[in-house]
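Read the structure below first, then the notes.
Values reported hereafter were calculated over all heavy atoms of this structure, with side chains retained and with hydrogens, waters and symmetry mates removed. This one's a predicted model, so the numbers in the text were calculated from it and none came from an experiment. Naming: A, B, ... by sequence-line order, numbering from 1 per chain.
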Amino acid sequence: MKPFFITTAIDYTNGAPHIGHAYEKVLTDVIARYQRLAGRDVFFLTGVDQHGQKVQQSAEKAGIAPQEYVDQITAKFRALWQKLGVDYDGWAATTEASHKACVQTILQRLHDEGQLYKAKQSGYYSVRQEQFLTEKERGPDGNFGPEWGEVILVEEENWWFKLAEHKQWLLDLLDRRPELVVPSFRLAELRNAVAKLEGDLCISRPKSRLTWGIELPFDRDFVTYVWFDALVNYISFAPGYDAAAGADLTEFKRWWPAVHVIGKDILVPAHGVYWPIMLKAIGFSDDEIPQLLVHGWWNISGEKMSKSLGNVIDPDVLADKYGAAAVRYYLVADITTGKDADFSEERLIQRYNVDLANSIGNLLNRTLNMAAKYRNGVLKQSLEGGLKERAEFFVQAYAPAMEEFQINAALEKALGLAVEANQFVEQTKPWALAKAGDDAALDAALYHLAETLRILAILLSPVLPQAARGIWDQLGVSGEFRLADATWGGLPDGHQLGKPVPLFPRIETPASE
RNA sequence: GCCAGAGUAGCUCAGCGGUAGAGCAGGGGACUCAUAAGCCCUUGGUCGGGGGUUCGAUUCCCUCCUCUGGCACCA
C-alpha cells in the first residue's frame, strides 16, 4: 500500500498560536492517526515558517537576534502541540541548513531551466504586505490605505519566475484532476483565480532591504521571497529527500505526493497557483502534484477572529481548562471539514458532557459495574445476535467518512454505536436478568457491551488516543489495535475485565449546578 | 463589480424532486447497572422574499435581499 504523506501549513513565527492554528494541526493529526489505524505507513509533517521581514522587524523591536526571536515563538508552538497530543513525524523549520540547501537547489534548477529572469521595477512598496503596490492599490483620496502599513518608494532590480507561462497547463490539470482540491467548491474558486492569472512572480528581495532570508545561489545580493521559501518545506523536510547533487530520491518518490492541509486563506494564490507551477517547472509530473485539503475557519460569535477585535481564543488556556481530549474532540466534531464554524466555549463543554461523559464514559462505567457486580468481571464470549451486527454496521460506515476527511461524520458513527449500546442496556436490563437468575442472557448482554466498547475505542482512537487507551485499560486488554481489529469477537472467552473509573469526568459549570 | 459559499426548529447543523430531519436546549414519563448519567414519549419550522419548470420543489431555473470568503475596481 502506498504510504501516506500529510502536511500542515507551517505557521508564521510572528505571534503566539491561536485556535485556528490548533484546529489545523489537530485535524491533520486525526487524519494521520486514522491512516495509521487503517494500516498505512504515515509521515506527518508540520513546522514553522521563520523568515521574512515581519520577523526581522519584530526581533529588532524586541532587541534580540531574529533566530533567538523565532526560537522563542517556535517553542510555544511545539509545547502546544505536545499538550494537544499532535504527534508529528517531521518538524519543518525554515531556518535549518538542510532546508536552505533545498531551496537553493530548486532555485538553481529553475535558473538553469530558464524559468527565472532579472528585471527592474520601481514603485511603492508595502513593508507589511511585503509586496509592490500598483496604482490600483491607491485609495479614493490618492493615498495608500492603512491596510498596507508603511509604504516606501523603492526602485530595484529583482528576479522573476515565469508563472504566466504555465497558466494553461494548470487550468487543464484542474479540469483533469478535480480531486486535487477538497472540498469541491474551493476548486471552483481556484479555477476562477487561475483563469484571471497574469504576470509573473517576483521571487527575490534585495539584501539591502531584507537580510533575514535565504540567499539566491546565483545572485548573492538577494534573498528569496517568503512564499518561495516556505512552500519548499514540503519537499525539503519530506521523508527520503536529500538536496545533495545526484542523491538517491527513490524513497522520496515513494512518499510523494503529499496531502497538504491548509486554511482557505492560503489556497489562492500560494498553494493553488504558485506551488503546483513551481513543481511543474522543476520537473514534477502531473501525477506528482499534491492534493489540497482546504479547511474553514472558526469564527467567534459570527465574527472573524482577530487581534484587533480582541476575540482571539488561546488553545493553550483552553487545554489547561478542559483537557486536551475535550479540545481535540470539539475541534473536529463541531465543524464540517472545509466549512467555517462558530466557536463557543459553552458548546465545547456541552459536547464533551453529552457525547463523551454521558454517552460513552457512562456506557463504559455502567458496563463494567454490572459485570463486576453480577459476574466478578468475567466474560463469556457471545458471537451472535445482540449488538454484533450494529457494531459491524457502524464500523463500515465510519471508514469511508474518515477516508473523505469528514471527521465529524465519522464521529457521528462512533457515537451512534454508543447510543445504540445504551439502548441495548435498557432493552436487556441486565439487573433484571441477574435478579431472575438468567445467567445465559446476562452473560451474553455483558459480552456484547464490553466488545462494543472495545470496538468503539478503536473508532475513537484517531481523535482521542488517550481515552481509547483508557477504555482498553479498563476493559483489561493491552496492545495496539488497528481498524482491522474492529471485528466482532476480539475479547476472548473467560476474559477478566478491569475496574471501572470515570473516563470523562463531567465538566461542571456554574450554570449546571 | 466578478466568482464562490451560506441563509432549514430557540441554538449548531444535516438533507437537496415525492406531503420537513438530527443533536443540544424546553416539557412529560417509566426505570435504577451507571459519571443525577441512560432510556421512552413530546413541544417547536409557511426550509431568506418573489417568480418559474414540474403531477409535485426545501431540493432544479430566474430574480431580489442578507451574511461570509476570494479576486478586481475605486478616472
Under 3.5 Å, is there a donor-acceptor pair between the A:Asn158 and A:Glu156 side chains?
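A donor-acceptor contact under 3.5 Å links the two side chains.
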Measure from [atom1] on [X] to [atom2] on [N] and round the result to the nearest Å.
{"X": "A:Trp297", "N": "B:C67", "atom1": "CH2", "atom2": "C1'", "value": "15 Å"}
{"X": "A:Leu267", "N": "B:G70", "atom1": "CG", "atom2": "P", "value": "11 Å"}
{"X": "A:Phe343", "N": "B:C13", "atom1": "CZ", "atom2": "P", "value": "14 Å"}
{"X": "A:Leu449", "N": "B:A37", "atom1": "CG", "atom2": "C1'", "value": "15 Å"}
{"X": "A:Ile262", "N": "B:G70", "atom1": "CD1", "atom2": "C1'", "value": "13 Å"}
{"X": "A:Asp342", "N": "B:G5", "atom1": "CG", "atom2": "C1'", "value": "16 Å"}
{"X": "A:Lys264", "N": "B:U68", "atom1": "NZ", "atom2": "P", "value": "11 Å"}
{"X": "A:Leu197", "N": "B:C2", "atom1": "CG", "atom2": "P", "value": "22 Å"}

Between [N] and [M], how far is it from one [atom1] atom to the other, in whole Å?
{"N": "B:A37", "M": "B:G28", "atom1": "P", "result": "16 Å"}
{"N": "B:C64", "M": "B:C74", "atom1": "C1'", "result": "25 Å"}
{"N": "B:G45", "M": "B:G5", "atom1": "C1'", "result": "24 Å"}
{"N": "B:C60", "M": "B:G26", "atom1": "P", "result": "35 Å"}
{"N": "B:C41", "M": "B:C13", "atom1": "P", "result": "27 Å"}
{"N": "B:U43", "M": "B:U32", "atom1": "P", "result": "28 Å"}
{"N": "B:C71", "M": "B:G15", "atom1": "C1'", "result": "32 Å"}
{"N": "B:C62", "M": "B:G10", "atom1": "P", "result": "30 Å"}

Looking at the rings of [X] and [Y], which for Trp means the six-membered one, are their centres under 6.0 Å apart?
{"X": "A:Tyr23", "Y": "A:Trp297", "value": "no"}
{"X": "A:Tyr274", "Y": "A:Phe161", "value": "no"}
{"X": "A:Trp159", "Y": "A:Tyr117", "value": "no"}
{"X": "A:Trp227", "Y": "A:His271", "value": "yes"}

Verify side chain to side chain contact (heavy atoms under 4.5 Å, CB included) between A:Leu163 and A:Leu197, making sure each step is shown before the conclusion.
CA-CA 9 Å; A:Leu163 204 64; A:Leu197 180 68; 4.1 Å; yes
Nucleotide forming a Watson-Crick or wobble pair with [N], both distances under 3.5 Å:
{"N": "B:G21", "value": "B:C13"}
{"N": "B:A6", "value": "B:U66"}
{"N": "B:C31", "value": "none"}

Classify the nucleic acid contact of A:Ala341 as base, sugar-phosphate or nothing, counting any heavy atom under 4.0 Å across all strands shown.
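Answer is sugar-phosphate: A:Ala341 comes under 4.0 Å of backbone atoms only.
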Evaluate the ring planes of A:His448 and A:Trp488, with Trp represented by its six-membered ring, and classify them as parallel (under 30°), tilted (30 to 60°) or perpendicular (over 60°).
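It falls in the tilted class, 30° to 60°.
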For the residue pair A:Asn233 and A:Leu45, establish whether any side-chain heavy-atom pair is separated by less than 4.5 Å.
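With C-beta onward as the side chain, the pair touches.
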Would you say that A:Leu267 contacts A:Arg186 through its side chain, given a criterion of any heavy-atom pair below 4.5 Å between the two side chains?
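Sidechains of A:Arg186 and A:Leu267: in contact.
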Hey, which sits more toward the 5' end of RNA chain B by its nearest nucleotide, A:Asp265 or A:Ser359?
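That would be A:Ser359.
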Would you find a donor on one side and an acceptor on the other, under 3.5 Å apart, between the side chain of A:Glu451 and the backbone of A:Leu491?
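Checking the backbone N and O of A:Leu491 against the side chain of A:Glu451, a donor-acceptor pair under 3.5 Å is found.
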All N/O contacts under 3.5 Å from nucleotides 30-35 of chain B to the protein, with atom names and distances to one decimal?
unit_1 : atom_1 : unit_2   : atom_2 : d
B:C33  : O4'    : A:Tyr374 : OH     : 3.3
B:C33  : O3'    : A:Lys373 : NZ     : 3.2
B:C33  : O2     : A:Arg366 : NE     : 3.1
B:C33  : N3     : A:Arg366 : NE     : 3.3
B:C33  : N3     : A:Arg366 : NH2    : 2.6
B:C33  : N4     : A:Arg366 : NH2    : 3.0
B:A34  : OP1    : A:Lys373 : NZ     : 3.2
B:A34  : O3'    : A:Asn365 : OD1    : 2.9
B:A34  : O2'    : A:Asn362 : OD1    : 2.7
B:A34  : O2'    : A:Asn365 : OD1    : 3.1
B:A34  : N1     : A:Arg366 : NH2    : 3.4
B:A34  : N3     : A:Asn362 : ND2    : 3.0
B:A34  : N3     : A:Arg366 : NE     : 3.4
B:U35  : O2     : A:Phe504 : O      : 3.3
B:U35  : O2     : A:Arg506 : N      : 3.4
B:U35  : N3     : A:Phe504 : O      : 2.8
B:U35  : O4     : A:Gly361 : O      : 3.2
B:U35  : O4     : A:Leu503 : N      : 3.2
B:U35  : O4     : A:Phe504 : N      : 3.2

Is the phosphate of B:G38, meaning OP1 or OP2, less than 4.0 Å from a side-chain N or O of A:Gln423?
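For B:G38, neither OP1 nor OP2 has a side-chain N or O of A:Gln423 closer than 4.0 Å.
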Taking 4.0 Å as the cut-off, does a side-chain nitrogen or oxygen of A:Thr336 come that near to OP1 or OP2 on B:A14?
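Result: yes.
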Is a salt bridge present between [X] and [Y], judged by a nitrogen-to-oxygen distance below 4.0 Å?
{"X": "A:Asp172", "Y": "A:Arg176", "value": "no"}
{"X": "A:Asp485", "Y": "A:Arg454", "value": "no"}
{"X": "A:Asp439", "Y": "A:Lys380", "value": "no"}

Show the distances under 3.5 angstrom between N or O atoms of the protein and N or O atoms of nucleotides 58-62 of chain B.
none

Distances under 3.5 Å between protein N/O atoms and the N/O atoms of nucleotides 22-26 of chain B, please, pair by pair.
unit_1 : atom_1 : unit_2   : atom_2 : d
B:C24  : O2'    : A:Gln350 : OE1    : 2.9
B:C24  : O2'    : A:Gln350 : NE2    : 2.1

